[in-house]
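As structure tokens, the structure follows; a few thoughts come after it.
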Amino acid sequence: MKTILTVIGARPQFVKAAVLSRLIRHKYSKEFKEILVHTGQHYDKNMSDIFFKEMEIPEPDYNLNIGSGSHGMMTGKMLEAIEGLLLEHRPDYLLVYGDTNSTLAGALAASKLHIPVIHVEAGLRSFNMHMPEEQNRIVADHLSTHLLCPTETAISNLKKEGLTKGVENIGDIMLDASLFYRKKLEHSMSFLPEEIRNMDDFFLITLHRAENTDDKERLTSIVSALNSLEAYTGVLPLHPRTKKMLSKWGLYFKDHIKVIAPVGYLDMIRLESSCNFILTDSGGVQKEAYFFGKPCITMRNQTEWVETIEAGCNILTGADQNKILSAINNFSKQKFEYPSLYGKGDTGERILKLLL
Ligand code: UD1
Ligand code: UDP
């Protein structure tokens with residue numbers, strides 16, 4: 001029996017952990033034991049609890065309750081607390097997902113103690129070192145012993161940095177989640193406001209990346225673009241970071257942009273599957289747009305998910321008002337092919353078989 005200590009803390013990590021934690025507990029319980037550690041980076045009910053309940057993610061064994069703060073403070077507190085747990089439990093592996101501050105803290109704490117680090121979603125690069133995510137993922141990759149990549153591009157990114165040992169293409173674990181939970185939609189409750197639950201002619205918006213929200217000029221440009229689209233209806237589940245920054249700068253959306261609180265994963269995939277197209281700056285949502293066969297307009301200057309751009313169904317606009325408007329008026333109306341790019345939806349199984 002091998003013990004895996006998994007560190008999660010932010011919304012996209014709950015989605016990814018849901019897949020592996022279920023498999024470990026239901027199918028591989030003789031081979032693996034998981035100690036689940038929630039750093040508390042995300043803590044609002046609709047940023048954390050709802051994912052554990054709806055996706056049946058096991059209750060974390062530890063919640064470090066770190067909460068929000070500056071990067072250094074947050075990462076430092078996590079590092080100290082995770083180190084304590086690693087010394088206490090001495091797991092065979094530490095597992096982290098993606099590129100958040102929780103990922104960085106987990107990988108660093110384990111690496112210093114010579115505990116093998118499994119990085120799921122290794123090898124992604126935006127080549128923009130200003131992004132906290134890029135810093136976190138590069139450091140995590142260089143500290144990891146098992147670099148589990150979602151795509152061949154990720155493998156080749158790692159090769160250019162001299163990383164070839166322990167590198168595997170295992171597909172994208174978010175595809176497993178999307179395939180598993182879409183089957184649950186019919187028999188699950190929706191918490192969407194009535195008006196939105198029955199809507200069928202709208203586009204979905206998510207906006208939370210620091211490069212957009214914390215830059216007044218970029219955020220103003222995005223808000224102006226959306227406000228000028230009165231012939232369209234947009235639905236925007238608003239991340240708390242964005243809510244804070246909109247209020248700081250006195251920015252508002254007009255009524256055709258329906259701003260709602262962040263939603264749980266099931267309502268999110270309900271919206272993704274029923275919208276006309278998606279406008280986002282999220283990493284995960286770009287891929288989900290692909291999984292659901294929806295054109296995606298990405299409000300960033302670079303993306304790690306370059307295959308979706310090459311496939312033609314994702315377009316980068318940055319925060320440029322004119323580019324956003326032109327993409328919505330033209331690109332979003334086109335029909336695209338969505339060939340399989342991210343594996344078969346068996347990434348969770350592949351990770352555990354690989355470790356065995
Ligand atoms: C983090 C990740 C980002 C990821 C995102 C997923 C880092 C550096 N960034 O960004 O890569 O895309 O999660 O959503 O790790 N807040 C609340 N309630 C919460 C959580 C956050 O009010 O439950 C507010 C706080 O004001 C906080 C701000 O949101 O300061 C930002 O939260 P933080 O976890 O620092 O970064 P995210 O923007 O969520
Ligand atoms: N998501 C959600 N509710 C929301 C917004 C996003 O369930 O209101 C899900 C989304 O479907 C995806 C994940 O959260 O699975 C993506 O997380 P996010 O966009 O916060 O982070 P990123 O992927 O950019 O790191």
Side-chain angles (χ1 to χ4, degrees), residues 7-19 38-52 54-55 65-75 78 96-106 121 124 126 130-137 139-140 172-178 180-182 191-192 196 204-214 235-248 259-273 275 278 280-292 298-300 303-305:
V7 174
I8 53 179
R11 176 166 73 183
Q13 292 163 335
F14 308 143
V15 173
K16 295 162 199 172
V19 174
H38 185 337
T39 62
Q41 179 172 348
H42 286 173
Y43 45 85
D44 289 346
K45 275 203 162 59
N46 53 4
M47 293 293 288
S48 176
D49 287 9
I50 189 167
F51 292 86
F52 285 81
E54 278 190 348
M55 303 181 86
N65 289 312
I66 304 288
S68 304
S70 66
H71 288 282
M73 185 198 85
M74 205 195 276
T75 314
M78 289 176 193
V96 282
Y97 298 97
D99 52 22
T100 71
N101 289 344
S102 301
T103 314
L104 173 66
E121 222 176 65
L124 297 176
S126 66
H130 282 284
M131 292 172 66
E133 292 83 8
E134 185 78 350
Q135 301 168 3
N136 291 342
R137 57 172 88 98
V139 178
D172 196 312
I173 198 155
M174 289 188 83
L175 178 58
D176 299 30
S178 141
F180 183 84
Y181 290 99
R182 72 174 75 178
F191 300 99
L192 291 170
I196 290 169
L204 177 64
I205 312 155
T206 80
L207 170 63
H208 75 277
R209 287 300 181 105
E211 73 215 74
N212 285 329
T213 60
D214 294 17
V235 174
L236 168 54
L238 194 64
H239 190 289
R241 169 191 281 277
T242 319
K243 186 175 180 187
K244 193 171 71 178
M245 299 315 282
L246 287 168
S247 130
K248 179 174 171 186
V259 177
I260 57 175
V263 297
Y265 183 73
L266 295 182
D267 275 335
M268 188 64 185
I269 60 176
R270 251 184 211 109
L271 290 169
E272 287 173 338
S273 60
C275 68
I278 297 179
T280 190
D281 60 4
S282 158
V285 175
Q286 285 175 68
K287 276 176 299 163
E288 287 167 354
Y290 195 87
F291 302 155
F292 286 101
T298 300
M299 298 178 285
R300 287 179 42 189
T303 178
E304 309 78 64
W305 303 104

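Scope of the values below: all heavy atoms of this structure, side chains included, with no hydrogens, waters or symmetry mates. Just so it is clear, the model here is predicted, and its values are computed rather than measured. Both counts, for ligands and for their atoms, begin at 1 and track the order of listing.
The protein non-hydrogen atom at the shortest distance from atom 23 (O) of ligand 2 is Gly284 N, 2.8 Å. When only non-hydrogen protein atoms are considered, atom 11 (O) of ligand 2 lies nearest to Glu288 OE1, 2.6 Å. Annotation: atom 1 (N) of ligand 2 to nearest protein heavy atom, Met268 CG, 3.7 Å. Atom 4 (C) of ligand 2 has as its closest protein heavy atom Arg11 NH1, 3.3 Å. The shortest contact between atom 13 (C) of ligand 2 and any protein heavy atom is with Pro12 CA, 4.2 Å. For atom 8 (O) of ligand 2, the closest heavy atom belonging to the protein is Val263 N, 3.0 Å.
Atom OG1 of Thr103 is separated from atom CD of Gln13 by 4.0 Å, given to the nearest 0.5 angstrom. Of the inter-residue distances, the one linking Met245 atom CE with His239 atom NE2 reads 12.5 Å to the nearest 0.5 angstrom.
Every atom of ligand 2 with a heavy atom of Pro237 under 4.0 Å away is listed here by number and element: 8 (O). Ligand-side atoms of ligand 2 in range of Val15: 15 (O), range being under 4.0 angstrom from any heavy atom. Close contacts between ligand 2 and Gly283 involve ligand atoms 22 (P), 23 (O), 24 (O) [criterion: under 4.0 Å to a heavy atom]. Per-residue contacts place Gly264 under 4.0 angstrom from the following atoms of ligand 2 (heavy atoms of the residue considered): 7 (O).
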Side-chain donor-acceptor pairs of residues 67-74 under 3.5 Å, sequence neighbours excluded:
residue	atom	partner	partner atom	Å
Ser68	OG	Tyr43	OH	2.7
Ser70	OG	Met73	N	3.3
His71	ND1	Asn101	ND2	3.1

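The closest approach between any non-hydrogen atom of Thr206 and ligand 2 is not below 4.0 Å. Heavy atoms of Phe51 come nearer than 4.0 angstrom to ligand 2 in at least one pair. At least one heavy atom of Arg209 sits less than 4.0 Å from an atom of ligand 2. Residue contacts with ligand 2 include Met174, since one of its heavy atoms falls under 4.0 Å from the ligand.
Side-chain contact annotation: Thr280 with Thr206, donor-acceptor N/O pair under 3.5 Å present. There is no side-chain donor-acceptor pair under 3.5 Å between Ser126 and Glu133.
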Practice task
Step by step, work out the side chain to side chain contact (heavy atoms under 4.5 Å, CB included) result for Ser273 and Phe291.
Solution key: CA-CA 9 Å; Ser273 60; Phe291 302 155; over 6 Å; no
Practice task
Check the pair Phe14, Ile8 against side chain to side chain contact (heavy atoms under 4.5 Å, CB included), reporting the backbone distance first and the verdict last.
Solution key: CA-CA 7 Å; Phe14 308 143; Ile8 53 179; 3.8 Å; yes
Practice task
Start with the C-alpha gap between Ile196 and Leu271, add the side-chain angles, then the distance that decides, and say whether side chain to side chain contact (heavy atoms under 4.5 Å, CB included) holds.
Solution key: CA-CA 9 Å; Ile196 290 169; Leu271 290 169; 3.9 Å; yes
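At least one side-chain heavy atom of Glu272 sits under 4.5 Å from a side-chain heavy atom of Val285. Side-chain contact check for Pro262 versus Asp44: every heavy-atom pair is 4.5 Å or farther apart.
Panel note: side chain Asp281, backbone Arg209; a donor-acceptor pair is recorded below 3.5 Å.
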Exercise answer, ligand 1 polar atom pairs (N/O) under 3.5 angstrom:
residue	atom	partner	partner atom	Å
ligand 1	11 (O)	Glu133	OE2	2.6
ligand 1	12 (O)	His208	NE2	2.8
ligand 1	12 (O)	Arg209	NE	3.4
ligand 1	13 (O)	His42	NE2	3.4
ligand 1	14 (O)	His239	NE2	3.3
ligand 1	15 (O)	Gln41	NE2	2.9
ligand 1	15 (O)	Asn101	N	2.9
ligand 1	18 (N)	Tyr43	OH	3.4
ligand 1	18 (N)	Asp44	OD1	3.4
ligand 1	18 (N)	Asp44	OD2	2.9
ligand 1	22 (O)	Tyr43	OH	3.4
ligand 1	23 (O)	Tyr43	N	2.9
ligand 1	23 (O)	Asp44	N	2.9
ligand 1	26 (O)	Lys244	NZ	2.9
ligand 1	30 (O)	Lys244	NZ	3.4
ligand 1	34 (O)	Gln41	NE2	3.0
ligand 1	34 (O)	His42	NE2	3.4
ligand 1	38 (O)	Arg241	NE	2.5
ligand 1	38 (O)	Arg241	NH2	3.4
ligand 1	39 (O)	His42	NE2	2.7
ligand 1	39 (O)	His239	NE2	3.1

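Partners of Ser48 by side chain to side chain donor-acceptor pair (under 3.5 Å), not counting sequence neighbours, listed by chain and number: His38. With sequence neighbours excluded, the residues forming a side chain to side chain donor-acceptor pair (under 3.5 Å) with Thr39 are Ser102, listed by chain and number.
Residue His208 touches ligand 2 through its side chain alone, judged by heavy-atom distances below 4.0 Å.
For the residue pair Leu266 and Glu54, the shortest heavy atom distance occurs at N-OE1, 3.3 Å.
Heavy-atom proximity to atom 16 (C) of ligand 2, evaluated over Ala10, Ala177, Ser282, is greatest for Ser282.
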